[in-house]
Visitor: 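Please find one structure pasted underneath; my questions will follow.
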There are 2 protein chains.
Amino acid sequence: MNASPPRSLRQVPGRPSPTLEDLALAAGVSRSTASRAINGGDRVSPEAQAAVDRAVVSLGYIPNRAARSLVTRRTSSIALVIPEPDVRVMMDPFFAVVITGITEALRETDVQLVLLMSRTDDDSARTLRYLRGGHVDGAIVVSHHKADSWARSLSETGLPTIFIGRPWDTAFDVTYVDTDNEGGGRIAARHLSGIGRRRLATVAGPADMTAAVDRLRGWQAGLREAGLPEGPVVHADFTTDGAAAAARRLLAEHPDIDGIFAASDLMALGVMEAIQAAGRSVPGDIALMGYDNHAVAETAATPLTTITQPMVEMAVKAGTMLLEEIEAPGSHPEPVIYSTELVERASTSVAPTASAAKA
Amino acid sequence: MNASPPRSLRQVPGRPSPTLEDLALAAGVSRSTASRAINGGDRVSPEAQAAVDRAVVSLGYIPNRAARSLVTRRTSSIALVIPEPDVRVMMDPFFAVVITGITEALRETDVQLVLLMSRTDDDSARTLRYLRGGHVDGAIVVSHHKADSWARSLSETGLPTIFIGRPWDTAFDVTYVDTDNEGGGRIAARHLSGIGRRRLATVAGPADMTAAVDRLRGWQAGLREAGLPEGPVVHADFTTDGAAAAARRLLAEHPDIDGIFAASDLMALGVMEAIQAAGRSVPGDIALMGYDNHAVAETAATPLTTITQPMVEMAVKAGTMLLEEIEAPGSHPEPVIYSTELVERASTSVAPTASAAKA
DNA sequence: GGACAGCGTGAGAGCGCTCCCACCGCTCCT
DNA sequence: AGGAGCGGTGGGAGCGCTCTCACGCTGTCC
């Protein structure tokens with residue numbers, strides 16, 4: 001066994017860049033003073049500071065991160081860990097949104113974002129080694145499944161970590177940001193009952209994902225609050241096809257349903273397919289809701305009423321929280337939960353299917 | 001002016017990890033031998049190698065990247081540069097696909113992917129500084145617009161760089177991978193003429209993006225080859241709304257059109273909107289094609305015939321090409337162009353609008 | 001007027017690693 | 001028999017930076 005993977009990168013030629021020593025020489029000060037001037041200038045005379053600043057510009061000096069990192073024991077980089085065995089999920093815009101948000105949080109910082117994707121268990125082991133190796137100052141983990149043990153593994157290492165989406169196991173005092181999935185589910189129940197639907201069912205997500213479980217819980221609570229029975233629940237895997245199959249079962253067993261809440265827009269598309277295949281219409285016969293406010297919700301044949309969540313803000317928050325925890329280790333910030341909102345579209349309009357209404 | 005941005009990360013406590021010295025001690029060899037054993041073991045006796053390997057495991061030794069990087073002048077990381085002023089574009093699945101592909105290429109390597117997004121010119125300057133600073137061994141740039149000068153800037157630094165998508169200015173011998181946009185445009189022309197449409201028009205992308213220009217050129221060449229006139233061309237900005245507006249103009253000026261090629265699926269959606277608003281049908285009155293095989297092409301009210309391109313492979317190729325160029329600097333690999341394929345759906349079927357046909 | 005802050009400064013050590021070079025012991029050639 | 005060659009090894013230097021420490025210099029207080 002080898003501590004270092006087999007392949008690495010060769011030396012890059014590149015003209016020698018100026019060192020701190022060169023800079024100090026050019027500025028007519030010592031290396032120490034130059035260093036202080038570079039790093040926020042505490043205890044540096046205005047003259048020295050100015051001289052160094054000038055030298056920085058004229059030499060095009062850029063501090064060597066490796067040298068700095070070697071002595072400070074910090075890397076000025078954080079990791080985004082995406083432990084997702086399924087490639088398909090990465091195609092989700094969610095992914096891009098998270099990255100955009102974190103980048104935004106890092107903008108005024110010289111902290112770099114390092115991407116760590118692990119599809120296989122093998123990858124996970126490597127990723128974990130990398131994280132423990134002190135190569136990053138902190139990590140943001142997008143972990144969704146019950147099975148994965150990132151919460152435990154990382155809390156053991158003591159590496160500052162923020163989860164996006166409540167991890168399954170919150171026993172290891174992990175910090176996380178999330179959207180109010182339970183509230184979103186409740187909004188769905190309230191909306192469908194509010195437009196007069198009475199025989200409601202849901203196509204929920206996988207029972208091993210916190211988001212799915214929370215949405216379902218909220219949905220059922222909302223139904224109870226509206227004085228309605230909890231109604232049938234079928235689970236699917238957050239894919240269109242999986243939801244279509246689940247919805248077929250649902251419709252066969254409960255032909256009198258007049259409203260369905262699918263726990264994601266992609267699933268709602270599958271449900272819509274099944275409804276039409278059964279010769280029923282949306283929203284005429286069955287009102288349909290999705291979740292996420294995904295692009296497809298708007299472009300669907302019958303645009304979907306759905307739940308929107310402030311994903312970018314959430315990702316930004318994850319980034320800033322991580323920076324804070326890195327600067328003040330030991331502070332265990334409280335989880336932050338963002339509220340969700342209803343987006344009404346044709347799939348729950350009281351009027352008959354109104355696909356031409358837009359124009 | 002300051003060479004280093006104001007904010008950085010504090011020191012992480014963390015137990016001291018074993019150094020190479022510790023490892024050597026545990027293995028009963030010198031630091032030099034331990035180093036050699038770690039790095040591919042050239043000129044190391046089997047016994048020494050085994051002893052070091054054992055020590056690595058028992059100590060949980062992980063080499064300090066900073067120290068290594070300091071002396072080797074290589075960082076074992078590459079940058080993915082996304083110079084996109086528009087947030088919206090990042091929401092595109094394209095983005096996730098590129099990252100997935102590059103990650104795949106890096107899998108068996110210990111090279112890390114660092115993400116560099118620059119929205120503003122200010123960001124760009126910082127990003128460029130970072131790249132010149134020798135913080136990464138190479139870069140992959142996803143640059144699309146005529147205006148941006150990444151090709152020039154980077155070719156000047158000598159940093160190994162691969163572009164995804166042909167950069168506008170190929171004068172600075174840049175290496176790139178791309179899909180055959182011209183071929184894709186030609187396929188579109190051939191397909192629409194093949195199903196008997198004769199009065200064809202296109203909603204092209206912005207004239208300052210190579211992909212848009214190439215698709216248009218291919219389209220027009222295809223029309224000529226089919227013995228048809230080049231027909232009207234309107235430009236839009238690759239957005240749904242922009243395309244809708246362009247299509248309205250197009251339809252007003254050329255009411256007899258019976259086929260439209262939109263240079264992206266998102267734009268095709270806008271075109272479809274405009275067609276329906278004009279009281280015409282797809283594909284009955286007007287056959288419509290998109291490009292990209294985006295998720296929405298399948299979920300659209302009338303599923304879109306479109307052009308698919310092997311994006312993941314392309315991104316993987318970009319990754320492997322970069323690794324090669326880093327290992328063998330000076331080699332200027334030829335650009336690689338991936339071919340595209342037609343995906344037929346309802347929007348160009350000869351039968352009348354078949355939205356219910358799917359079930 | 002001497003002691004004592006406090007500020008600005010520079011010298012020096014050393015972070016963990018790789019790489020050059022010198023060295024050892026051996027075989028193989030002349 | 002003496003050297004050349006070679007595989008394996010260890011010592012040492014030094015990558016570019018930060019940080020501790022000691023030093024001079026000014027001012028301020030007793």
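Residue numbers start from 1 in every chain, and the chains themselves are labelled A, B, ... in the order their sequence lines are given, proteins ahead of strands.
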Visitor: Distances under 3.5 Å only, N/O to N/O: pair up the protein atoms with those of nucleotides 24-27 of chain C.
Guide:
none

Visitor: Is there a side-chain contact between A/Val44 and A/Val52 in this structure, where contact means two heavy atoms from C-beta onward sitting under 4.5 Å apart?
Guide: no

Visitor: Which atom names give the shortest non-hydrogen contact between A/Ala151 and A/Phe163, and what distance separates them?
Guide: CA-CZ, 3.4 Å

Visitor: Among all residues two or more places apart in sequence or in another chain, which pass the side-chain hydrogen bond (donor to acceptor under 3.5 Å, both in side chains) test with A/Asp123?
Guide: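 side-chain hydrogen bond (donor to acceptor under 3.5 Å, both in side chains) list for A/Asp123, sorted by chain: A/Thr120, B/Arg107.
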
Visitor: Which residues pass the side-chain hydrogen bond (donor to acceptor under 3.5 Å, both in side chains) test with A/Ser30, sequence neighbours left out?
Guide: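 side-chain hydrogen bond (donor to acceptor under 3.5 Å, both in side chains) list for A/Ser30, sorted by chain: A/Thr33.
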
Visitor: Which one, C/dT18, D/dC17, D/dT18, comes nearest to the side chain of A/Ser35?
Guide: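 Within the option list, the nearest is D/dT18.
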
Visitor: Would you tell me if any nitrogen or oxygen in the side chain of B/Asn39 comes within less than 4.0 Å of OP1 or OP2 on C/dT18?
Guide: yes

Visitor: Side chain of A/Leu70 only, heavy atoms from C-beta on: which candidate in D/dT18, C/dC15, D/dC15 is closest?
Guide: C/dC15

Visitor: Once each nucleotide of nucleotides 6-13 of chain C is scored for protein heavy atoms under 4.0 Å, what B/S/- sequence comes out, 5' to 3'?
Guide: -SSBBBBB

Visitor: At how many degrees, to 10°, do the end axes of the helix from C/dG1-D/dC30 to C/dT30-D/dA1 meet when each uses five pairs?
Guide: 50°

Visitor: Could you tell me if the side chain of B/Val142 sits less than 4.5 Å from the side chain of B/Phe94, heavy atoms only?
Guide: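 SC-SC contact between B/Phe94 and B/Val142 confirmed.
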
Visitor: Search all heavy atoms of B/Leu116 against all heavy atoms of B/Ala79 and return the closest pair with its distance.
Guide: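 Scanning both residues, the minimum pair turns out to be CD2-CB, 3.6 Å.
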
Visitor: Can you sort out the partners of B/Arg166 under side-chain hydrogen bond (donor to acceptor under 3.5 Å, both in side chains), two or more places apart, ordered by chain and number?
Guide: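 B/Asp214.
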
Visitor: According to a strict under-4.0 Å criterion, is A/Tyr61 in side-chain N/O contact with OP1 or OP2 of D/dC17?
Guide: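 For A/Tyr61, the contact criterion (side-chain N or O under 4.0 Å from OP1 or OP2 of D/dC17) is met.
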
